[in-house]
2 protein chains.
Amino acid sequence: MKTPEKTRCESCIIRQFNALKAFSKDELKVISDNKITKDFKKGEQIFKEGEKLNGVFCVRDGASKLSKLSENGKHQIVKIAKKGEILGQRSVVADEQTNLSATALNDTSMCYIPKQLIIDKINENPEFTRNLLKIMASDLRESDNFIVNMSQHNVKQRIAEALLYLETNFGTDDEGFLSVNLSREDLANVVGTATESCIRLIADLKKDGLITTKGKKTKIDDKRGLEDMISGF
Amino acid sequence: MKTPEKTRCESCIIRQFNALKAFSKDELKVISDNKITKDFKKGEQIFKEGEKLNGVFCVRDGASKLSKLSENGKHQIVKIAKKGEILGQRSVVADEQTNLSATALNDTSMCYIPKQLIIDKINENPEFTRNLLKIMASDLRESDNFIVNMSQHNVKQRIAEALLYLETNFGTDDEGFLSVNLSREDLANVVGTATESCIRLIADLKKDGLITTKGKKTKIDDKRGLEDMISGF
DNA sequence: CGACCGGTTGAGTGCGGTCAACACGCGTGG
DNA sequence: CCACGCGTGTTGACCGCACTCAACCGGTCG
């Protein structure tokens, strides 16, 4: 983790995607003066579950996984955060320790904003608070939907869902391969299965002509086919 | 569903448990004048996923399940709401249709508060908004934890968890039986399994001396034992 | 070079889903 | 009043998905 040159929040477009868009020029200046830019290398841990955070992380670029360790030693990935999202806001709002660990999936650039600044703004700027509320309401819906998907779909369907999710949320490179490259293990941890099962089912999807792989990269060939399979055809 | 005599919000203790505790006497009067008390019989549906709600439901008494239908025709129960919780606040905050259906698990008494009142209060009363924020933050943690439990525990462990959850959150009657009596099917829908599997594993738990049943009622005999089993002993 | 990590494949097993039959209580209508 | 249907609970049998353990391969790094 290193701390490179700063970018001013006032001129940062990322904030349009999160609750920070409520802030005035002046407010942004204060935040900008107090934030720290932090970069994380692929695989580096941003924070660990149970930690008390002293600030939140605004994702400028890159992808990171939010996961939780269960007593059998497996990491369950609950969410993959993308550009514009803010990590740790739940913990700061609730004034609790973090419930999840965050780890960079690729080289990642974050802005670290001290907790007190966020708390002050919650008390001062109602528009900001309402934004936060909406975002958390949306997160909550996502989580509830995830629960249903986990319990009502088999592993193959869940893998298909995860791949589609990665495509729509992180896009593809110029050859059509997924931009975010989850390791087989991470993918298995997203869908809540063993790595071996994950590998085998990916091989199945290839055989079915729904996806192709090249090296460690994955490409979705038949989006419609995947969606149909998820629905049970 | 019938609408019995009103209880004034000012003198209602239930509100201490939810975001409404932020309101002044005057604000409560307005709410009280605009709310409707609605009662639901066991099994009655309070609202259905996809509906546009025009208000929220404050649970005065009883238990209700929040569930979602998946395309294979099964209901996954995501949460069981208890006295003091507010149903529909997520949808109202996000200005979306409901993501979940709500159904009464036993005879239930609700206060229906028009949506606009809640929206106005979000804009007027920052303390209320902050309360909402904290509650949703807490709901979000619960949901994330549920995801991890679902994917990392086997069905037997999940049933044990569900029973413990019912005991701690809804208590027992004077003989020690769980106050909320989920049907086998509902319990299966909580843990995301087939009713038959659920029944068989409950029989296991009985054989192991961890629980007993009498008629349709269930009693937890060895809380510690259940907890150990969940942790994998 | 060996160590190690990620990916891959094979073989065996058991958990849990599915279908079918049956028991039981309850309300309803003939 | 009983017959009947229906919803819920229960049990049996079967089978396949997915977990586990183990071996192996290729690349990378010390």
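First the proteins, then the strands, lettered A, B, ... as listed; each starts at 1.
Both B:Leu182 and A:His153 lie close to DNA chain D; mapped to their nearest nucleotides by heavy-atom distance, the more 5′-ward contact belongs to B:Leu182.
Taking atom CG of B:Leu205 as the reference point, atom P of D:dT10 lies 13 Å away to the nearest angstrom. As a whole-Å value, the separation of A:Arg158 CZ from D:dC17 P is 14 Å. Summarising the geometry, the separation between CD1 on B:Ile199 and P on D:dG12 is reported as 13 Å, rounded to the nearest angstrom. When rounded to the nearest whole Å, the span between CD of B:Glu196 and P of D:dT11 equals 12 Å. In this entry the distance linking CD of B:Gln152 with C1' of D:dA18 reads 14 Å, nearest Å. The CG atom of B:Asn181 sits 20 Å away from the P atom of D:dG7 (whole-angstrom rounding). Rounded to an integer number of Å, the gap from NZ of B:Lys214 to C1' of D:dG9 is 18 Å. Rounded to whole Å, atom C1' of C:dC5 lies 12 Å from atom NZ of A:Lys42.
Considering B:Leu20, B:Ile36, B:Ile86 in turn, B:Leu20 is the only one that fulfils the side chain to side chain contact (heavy atoms under 4.5 Å, CB included) rule with B:Ile113. Tested against B:Ile159, the residues B:Asp204, B:Leu226, B:Val191, B:Ile211 include a single side chain to side chain contact (heavy atoms under 4.5 Å, CB included) partner, B:Val191.
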With side-chain contact (heavy atoms from CB on, under 4.5 Å) as the test, would you mind laying out the steps for B:Lys214 and B:Glu175 before giving the verdict?
CA-CA 11 Å; B:Lys214 179 174 161 190; B:Glu175 288 181 278; 3.2 Å; yes

Determine whether A:Tyr165 and A:Glu161 satisfy the following criterion, side-chain contact (heavy atoms from CB on, under 4.5 Å), listing intermediate values before the conclusion.
CA-CA 6 Å; A:Tyr165 176 86; A:Glu161 273 179 315; over 6 Å; no

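Residue A:Thr193 places its side chain closer to D:dC19 than to any other of D:dC19, D:dT20, C:dT8. The side chain of A:Asn154 lies closest to D:dA18, out of C:dG7, D:dT8, D:dA18. Minimum atom distance to the side chain of B:Ala194 is reached by C:dT18, of the listed D:dC19, C:dT18, D:dG9.
If you check every strand for non-hydrogen atoms under 4.0 Å, B:Ser197 touches a base.
Closest non-hydrogen pair, A:Leu182 versus A:Asp186, comes out as CD2-CB, 4.0 Å.
Interface remark: the A:Arg184 side chain does not form any donor-acceptor pair with the C:dT9 base, using a distance-only criterion of under 3.5 Å. The base of D:dG9 has none of its N or O atoms less than 3.5 Å from a complementary donor or acceptor on the side chain of B:Arg200.
The side chain of B:Lys74 places an N or O atom within less than 4.0 Å of a non-bridging phosphate oxygen (OP1 or OP2) of C:dT18.
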